[in-house]
Amino acid sequence: MRQLPLAHPGTADHRSPGRFLWWLALGQWRSLVMGMLFGVVWMSSQAVMPAVIGRAIDQGVADRDRDALLGYAAVMLAIGLIQAASGIMRHRFAVTNWLVTAYRTVQLVGRHSVHLGGTLPRKVSTGEVVAIGTSDLSHLGGVMDVAARFAGAVASFVLVAVILLQTSVPLGLLVLIGVPTLMLLVGPLLAPLQRRSTHQRELMGSLANTASDIVSGLRVLRGIGGEQVFHDRYVRQSQTTRRAGVEVARVQSVIEALQVFLPGFFVVVVIWLGARYAVEGRISPGELVSFYGYAAFLMIPLRTATEFANKFVRAQVAARRVVRVLAIAPDHTDPAVPVPSPAPGGELADRRSGLRVRPGTLLAVVSERPDESSALADRLGMCAAEVDRDVTLGGVPLPDLARSEVRSRIVVSDTASVLFSGRLADRLDVTGAADPDRVARALDTASADDILLALPGGLDAQVAERGRSFSGGQRQRLVLARALTSDPEVLVLVEPTSAVDAHTEARIAARLRGHRAGRTTVVSTSSPLLLDAVDEVAFLRDGVVVATGRHADLLDGCPEYRAVVVRETGEPSEPGEPGEPSGHSEPEGARA
């Protein structure tokens, strides 16, 4: 589907649900206007049909005028053709409006998610974003879908009222006053519907988030015996959500019933008055038939009006959830005036921890607490939640540079990195600028050649969502190959070999230095195989660098460092589930 025009996330168009709906309408005003025009023609052609039938009865049947009867029959045929054609076009534009609204919202939320980056999972749950794409889209598209019919309902109501006023003032006034009164009777139900819909929407988002957590951690849950606990929790949440849905359905059922009862009651009143007038001779038999046709027809605009009110309320609830996501601001924004870019090959430094990474070196960061080294890696790539001016590249604080420049020059690949679904070659070369030789070299460095050979189609093979068709070690090696393919000036790797076996790790360690020759690489690890292959090691304690040097020198001269590294290899590790950084448990070439 073509890229739809979108305003930049966070603009005034997205500050409130009403303005967001108005912004969506403005973005597709041409199709909305065309749908409304065809809706008006469609409804109006139905509205004038009873008048033509009444004239045919009075002037053709009652007066026994064959020519007049044939003439009115031809008029009815023409009106029927117009109604059929306009109905087809109205439906086409209604479907177009639904799809454009739905996909426009998807594109907007997707683009804003990319704009937020790591900020998104810190400020909103996965289930909340998933619920936007599953339920909210339907409600937003529904209000645009019914808009064409609602415009036709309003136009046809006015047209019928004018015709009735010309025929009978009391009946015309009854329509003009009665229809708005019936609409007001539905109004008090809209507020409870909105409250209950909002509550149900929140529960649905929470339930979707729980389901996402369970699916992503299912293997771990089975390993620790927590599957039943989370199953029971999901059952309780789903039942709570179901009860909330029943509460919404109760209000909706009343509204649906009123959509039938109120127009039906109104039809009875109009027919009763029309029949009395016909008996008294105030209207002709043909006009009585016309009144009956009008009374039956008015059920359509009345039900359309109540349907529009119902869908508009639910669309507001959905829009409020979308606006809440769009209102999230990224942790890091571009400075008003970015400073000049530092020259390539500048030193990467962190004043808070005391870390200094000389250009072109392969440096390892070791810490007894992996969270410390992971937090340092996030700061080095400007991925942490807070704005940190302690990290500099070539002497320039990272927040003073454009965010796009930081992202292109410093790439952080952590243990949470996943593979998106799609063609494997596209998943490895995310920029689309790398040549095949660079991808092949990255796969070789990551010791992932065997994965490629086992796949039917090689690089053209399709990757399943989150790379679930691969084992944990295979996913980790492919993620490493993806990071190497990007070939940034500075590459920060967090535990890049935690899920592979020792032989594979040794090959990766031996090849990584040559692959990144001349560029800066920081590796967070405590694996001796990697530590023995790096140029320098920085040892962290309480988030501060307390020792630097070669791996062998630190083993001899730093007891704390030796305790951390020796403990890594001196104690047997339990075999972990694929993809979990619990030790080197993956046999060479293993598949899920």
Side-chain angles (χ1 to χ4, degrees), residues 37-87 90 149-186 258-307:
L37 288 176
F38 282 112
V40 169
V41 174
W42 177 63
M43 282 276 197
S44 299
S45 60
Q46 296 180 69
V48 300
M49 187 67 78
V52 178
I53 294 175
R55 295 287 182 87
I57 292 175
D58 287 338
Q59 300 178 19
V61 178
D63 295 344
R64 299 180 181 276
D65 188 341
R66 182 179 178 181
D67 293 337
L69 183 60
L70 291 175
Y72 281 114
V75 172
M76 285 189 286
L77 176 62
I79 294 176
L81 293 175
I82 293 174
Q83 177 184 341
S86 58
R90 178 207 60 79
R149 285 185 286 126
F150 179 68
V154 173
S156 62
F157 163 71
V158 174
L159 180 59
V160 169
V162 171
I163 294 175
L164 290 180
L165 281 173
Q166 291 178 348
T167 306
S168 173
V169 175
L171 289 177
L173 292 176
L174 176 63
V175 173
L176 288 174
I177 298 174
V179 173
T181 302
L182 294 179
M183 291 299 301
L184 292 177
L185 293 177
V186 182
L258 290 177
Q259 288 180 6
V260 177
F261 173 75
L262 293 178
F265 176 78
F266 186 71
V267 167
V268 171
V269 173
V270 173
I271 293 176
W272 179 72
L273 286 177
R276 290 194 59 183
Y277 288 166
V279 171
E280 295 172 0
R282 298 170 61 178
I283 59 176
S284 65
E287 290 174 333
L288 175 61
V289 173
S290 298
F291 277 117
Y292 174 77
Y294 290 134
F297 166 76
L298 285 174
M299 294 184 66
I300 299 176
L302 283 176
R303 294 194 64 177
T304 302
T306 53
E307 180 187 359

From Ile82 atom CD1 to Leu77 atom CG, the distance as rounded to the nearest 0.5 Å: 10.0 Å
Value rounded to 0.5 Å, distance of CG in Asp65 from CG in Asp58: 12.5 Å
Nearest heavy atoms of Pro170 and Tyr277, plus distance in Å: CB-OH, 3.4 Å
Nearest atoms (heavy-atom pairs only) where Ala68 meets Gly60: CB-CA, 4.4 Å
Close side-chain approach of Met43 to Phe157, heavy-atom, < 4.5 Å: no
Rounded distance (nearest 0.5 Å) linking atom CD of Gln83 with atom CE of Met49: 6.0 Å
Heavy-atom closest contact (Ser45 atom, Ile79 atom, distance): O-CG2, 3.3 Å
Residue pairs passing the salt bridge (charged side-chain N to carboxylate O under 4.0 Å, His left out) test where at least one lies in residues 46-55, sequence neighbours excluded: none
Results of side chain to side chain donor-acceptor pair (under 3.5 Å) for Tyr72 - residues two or more places apart only: Gln59
Nearest atoms (heavy-atom pairs only) where Ala151 meets Val40: O-CG2, 3.8 Å
Distance in Å, Ile57 CD1 paired with Ser290 OG, rounded so as to fall on 0.5 Å steps: 7.0 Å
Interatomic spacing from CH2 in Trp42 to CZ in Arg149 - rounded to 0.5 Å: 7.0 Å
Nearest atoms (heavy-atom pairs only) where Gln46 meets Phe297: CB-CE1, 3.5 Å
Pairs involving residues 158-173, ordered by first then second residue, that meet salt bridge (charged side-chain N to carboxylate O under 4.0 Å, His left out) (sequence neighbours left out): none
Taking every non-hydrogen atom, the tightest pair across Ala56 and Leu69: O-CD1, 4.1 Å
